[in-house]
Amino acid sequence: QGSRRYAYNVVEGSLDGRRMHLFDHHHETYSTNSKGHRTTHHHHRTFVCLEHDADLGRMEVRPEHFLDKVGGFFGFDDIDFESEEFSRKYHVKAEDRKLAYDVFHPKMIEYFLGLGDFKVTASRNLALLRRGSSTMSIEQIERTLLDADGFLDRLPRYLRKDRPA
């Protein structure tokens with residue numbers, strides 16, 4: 001998003017045998033008032049990126065907000081699940097709907113309902129995770145790492161590479 005994008009406070013390592021990247025990200029957006037004066041808006045967010053042993057395709061899971069409900073009215077809907085509470089709280093988009101249903105089985109849904117403002121963007125064997133819309137405190141990072149580990153540990157075994165079903 002935006003321009004002048006860069007990462008800072010970059011930390012790399014491993015977490016439970018998974019390669020991990022932790023970083024803060026900056027980008028700028030601009031607005032112009034009625035007199036033509038441009039204002040620069042700086043956005044800072046913390047991200048956790050974990051490599052894992054499953055192929056989740058391209059998938060996004062985030063708390064649902066008002067504009068999602070408006071979009072749903074016009075046909076821009078997300079995936080609905082058996083749990084009405086989960087479908088109401090979370091907006092799920094995936095290139096492979098069947099895979100999304102495999103990932104969000106009843107125990108995963110139950111787990112996610114306890115996480116609050118937790119976002120996952122997956123691309124193949126990478127998961128980008130975050131909380132909120134700004135930088136995270138050390139405590140929030142620790143919680144996000146634990147929750148990310150819980151999410152990845154709950155993926156069905158048959159989705160994992162080199163593991164028996």
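Counting non-hydrogen atoms of other residues, nucleotides and ligands closer than 6.0 Å to CD of Glu84 gives a total of 12 or fewer. For CD of Glu95, the number of neighbouring non-hydrogen atoms (other residues, nucleotides, ligands) closer than 6.0 Å is greater than 12. Within a 6.0 Å sphere centred on CD of Glu28, heavy atoms belonging to other residues, nucleotides or ligands number more than 12. In this structure, Arg124 places its CZ atom where more than 12 heavy-atom neighbours from other residues, nucleotides or ligands lie under 6.0 Å away.
Note on Val61: it clusters hydrophobically with Leu155, by side-chain heavy-atom contacts below 4.5 Å among ILVMFWY residues. Note: the hydrophobic cluster containing Phe47 does not contain Leu56 (ILVMFWY, side chain heavy atoms under 4.5 Å, direct or indirect links). Taking hydrophobic clusters as Ile, Leu, Val, Met, Phe, Trp and Tyr residues chained together by side-chain heavy-atom distances below 4.5 Å, Leu113 shares a cluster with Val92.
With sequence neighbours left out, His21 forms a ring pair (Phe, Tyr, Trp, His ring centres under 6.0 Å) with no residue at all. Residues passing the ring pair (Phe, Tyr, Trp, His ring centres under 6.0 Å) test with Phe112, sequence neighbours excluded: Tyr90, Phe104, Phe118, Phe151. His27 is linked by a ring pair (Phe, Tyr, Trp, His ring centres under 6.0 Å) to His25, His43, counting only residues two or more places apart in sequence or in another chain.
In this structure, Asp78 does not pair ionically with Lys93, as no charged nitrogen and carboxylate oxygen lie closer than 4.0 Å.
Judged purely by distance below 3.5 Å, without hydrogens or angles, the side chains of His44 and Ser134 never pair a donor atom with an acceptor atom.
Remark: Leu159 CG to Asp55 CG distance equals 9.0 Å, nearest 0.5 Å. Leu152 contributes atom CG, which lies 4.5 Å from atom CZ of Arg18 (distance to the nearest 0.5 angstrom).
Remark: of the listed residues Phe81, Tyr111, Tyr101, Phe81 is the sole one forming a ring pair (Phe, Tyr, Trp, His ring centres under 6.0 Å) with Phe86.
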